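Here's the structure, in C-alpha cells; my notes come after.
In what follows, chains are A, B, ... by sequence order, proteins preceding strands, each numbered from 1. Side chains are part of it too, since the values below use all heavy atoms of this structure and drop only hydrogens, waters and symmetry mates. Just so we're clear, the structure is a prediction, and the values are computed from it rather than from any experiment.
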Amino acid sequence: MRRRAEELHKCNDGEEVEVWGWVRNRRRHGRLVFIDLRDSTGVVQVAVKGGIADDESLEKASSIRKESAIKIRGYVVHDPRAPGGVEVRCTKLEVIGESLDDYPLRKGVGAKVLYDNRHLYIRSPKITALLKIRSNLIGAVHEHFRSKGFYEVDCPTIITAAVEGGATLFEVNYFGSRAYLTQSVQFYQEAAIYSLEKVYSVQPSFRAEKSRTTRHLTEFWHVEAELAFADLETLINTVEDLVHNVVIRTEELSEKELKILGRKIRTEEVEKPFFRIKYEEALGILREHGLDAEWGIDIGADEERIISSEFDRPVFLTHFPREVKAFYHRLDPTDRRVTLSADLLAPRGNGEIVGGGVRIHDYDELIERIREFQLDPNDYKWYIDLRRFGSVPHVGFGMGIERILKWIIDLPHVRAACLFPRTTTRIYP
RNA sequence: GGGCCCGUAGCUCAGAUGGUAGAGCGGCGGGCUGUUAACCCGUAGGUCGUGGGUUCGAGUCCCACCGGGCCCGCCA
C-alpha cells in the first residue's frame, strides 16, 4: 500500500509499504545505502541493505542521482538511528524518472543560483513548507471574507487608465492600441459595491517602478476589498479583523510547516486593538526622535521604522495630507488639509502592509481632486460616472500577501514568498 | 531616478604592497552494512564577467560595458 512520508511513523514495525518520491540525498556504505526520500508531505530515510534488497535494487540505489523519482517497496522499522525515528527497509527499488544530470543545487549555493534554478529549488522541504504556509494564508483570507458576508469578485487585469499615478504601469500592446497591466482592481470593485455592497478579491497587481528593495515585487498578490455605506472607523475595524484573523488562522494551520522553517508566528503581535495614530501625531513622534518633521512630508522608510519601533503591534497611520495621497481619497470634512486614509504599518520595521481609505463619493469633489492632480477627467469617465447614479459613502483597502508573509515568518525578502518571483531584475524562470 | 558593494574551478570562497592561480564541497575512480550535509584514499577541472588602457609584467591599478546584491525615493 502506498504511504506518504508523514504517515510512516504511525505504521507498525514490519508493515509492508510502498513510498513514491524523489531522492533528496544518498549516503553509501558499500552494501548499505541510505536514501532520504522526499514527497510532498516530508522526508523519510530508506535503508537499502544487501541481503534485504535484491542486488539490482542495491546497485540502482548506489548509483542513482539526486532528485531521481523512485518507488520503494519495503517494510517499516522504528529505529532510533533513523532521522525522525522511523525508516523503510527497502526490498525493491524501482526507478520512475531518473535525473539525467547532477542536481545543480546543494548546501551553500548563493541566492543567484537558487533563483536561477527556482524551478528546482521549490522542491526543497523549506520552500515546500513556505508554499504551504502561503496557501494556508490565502485560504484564511477567503475564509475570513466569506464569513463576514463579502462576495469574491474577479476583476480585469488589462486596463486603460492608471489607478495610482502614470509612470509605474507596464504597457501592453492591445491589438495596436495602448493598454496597461493593472496596479489595483480598486476602481472595478468600487463599481461592484453597487451590486454586491461588500466585495473582495485576491489577484495579482503589477508595478513597473524600478524599486529594488526587499519589500518590492513587480508582480505581487493583492488582497483588495471595498465596502458600501462605510466610514473610516469601519474601514479600520475591517482591516484589523482581517489581519488579526488571518494571522491567527495561518498560525493554527501551519504548525508543522513553521517547525520545518524554524519559525514562530508571533500571534501576540496581532492582539486587538491595533494602534491608531493620526499623521499629525506621527510627526510628533518623529520630532521626539530628532527629525525635522515638517507638515506635508511623506512618511518614508526611515520614518516608518521609527514609528513602528514605538509599538509592538500594528499601527494605523491615518489622516495623511491631501498632497501625498492619491486623488480618490476623500478629504476630511472637518479638516480639508487631510484625507480620510489609513495605512497599516507592521511591527519591527516591516513597513506598510495595508493601504486604504474612504473614497470620494461626491461628484464635484472627485472632479476637483482629479484636476488638483493635473489628471484628465476623460481618462476616468466611467469611474466618475459611478458618482452620478446613486453614489454612496464607501471605503476600501489593499493588502500585500508577500509583505504579510515577510512580516509574520521573518523572510529576508518578499520574493522568498513567491513560487516564481518577479522583480525588476528577474522575469525568468 | 540617486547612493554603496560584488563578479576567480560546477558551487562557496581565499589570493596585502602588481611577478601568468589555491582550499573546501560537488564530479570521477577505489574502499566501507548504520549514516544523518556520512567518512577515508586517489584524481580531473580555471583564456580570473566582457572590452579597452597603464606597465617589462595585471586576478590585483584605471576606464567603459554586462550581470547580480543592498539601501533610498515610490509603493502593498
Assign [X] to base, sugar-phosphate, or nothing according to its heavy-atom contacts below 4.0 angstrom with the strands shown.
X        : value
A:Ser205 : nothing
A:Arg305 : sugar-phosphate
A:Asp298 : sugar-phosphate
A:Gly398 : sugar-phosphate
A:Glu219 : nothing
A:His29  : base
A:Gln45  : base
A:Leu217 : base
A:Arg415 : sugar-phosphate

Less than 3.5 Å between a donor and an acceptor, one on the side chain of [X] and one on the base of [N], is that the case here?
X        : N     : answer
A:Arg31  : B:U33 : no
A:Thr425 : B:G67 : no
A:Arg212 : B:G69 : yes
A:Glu209 : B:G1  : no

Looking at [options], which one has an atom nearest to any side-chain atom of [X]?
X        : options             : result
A:Thr214 : B:C71, B:U33, B:C72 : B:C71
A:Glu303 : B:G73, B:A76, B:A38 : B:G73
A:His413 : B:C70, B:G73, B:G26 : B:C70

Checking N1-N3 plus N6-O4 or O6-N4 for Watson-Crick, or N1-O2 and O6-N3 for wobble, each under 3.5 Å, the partner of B:G1 is B:C72
Both distances under 3.5 Å, Watson-Crick or G-U wobble: report the partner of B:C65, or none. B:G49
With rounding to the closest Å, how many angstrom separate the [atom1] atoms on [N] and [M]?
N     : M     : atom1 : value
B:G30 : B:G68 : C1'   : 40 Å
B:C48 : B:C72 : C1'   : 33 Å
B:C39 : B:G34 : C1'   : 12 Å

Cation-pi check, A:Arg426 onto A:Tyr115 ring (under 6.0 Å, within 45° of axis): no
Over all heavy atoms of both residues, which pair between A:Val48 and A:Cys90 is shortest? Give the atoms and the distance, please. CG2-CB, 3.8 Å
Ranking A:Arg403 and A:Lys49 by the position along RNA chain B of their nearest nucleotide, the one closer to 5' is A:Lys49
Both A:Ala82 and A:Met399 contact RNA chain B. Which one's nearest nucleotide lies toward the 5' end? A:Ala82
Within the pair A:Arg27 and B:A38, is there a side-chain N or O less than 4.0 Å away from OP1 or OP2? yes
Less than 4.0 angstrom between a side-chain N/O of A:Ser211 and OP1 or OP2 of B:G73, yes or no? no
Looking at CZ of A:Arg4 and CH2 of A:Trp20, how far apart are the two atoms once the value is rounded to the nearest 0.5 Å? 9.0 Å
Decide, applying a 5.5 Å centre-distance limit and a 30° plane-angle limit (both strict), whether A:Phe220 stacks on B:A76. yes
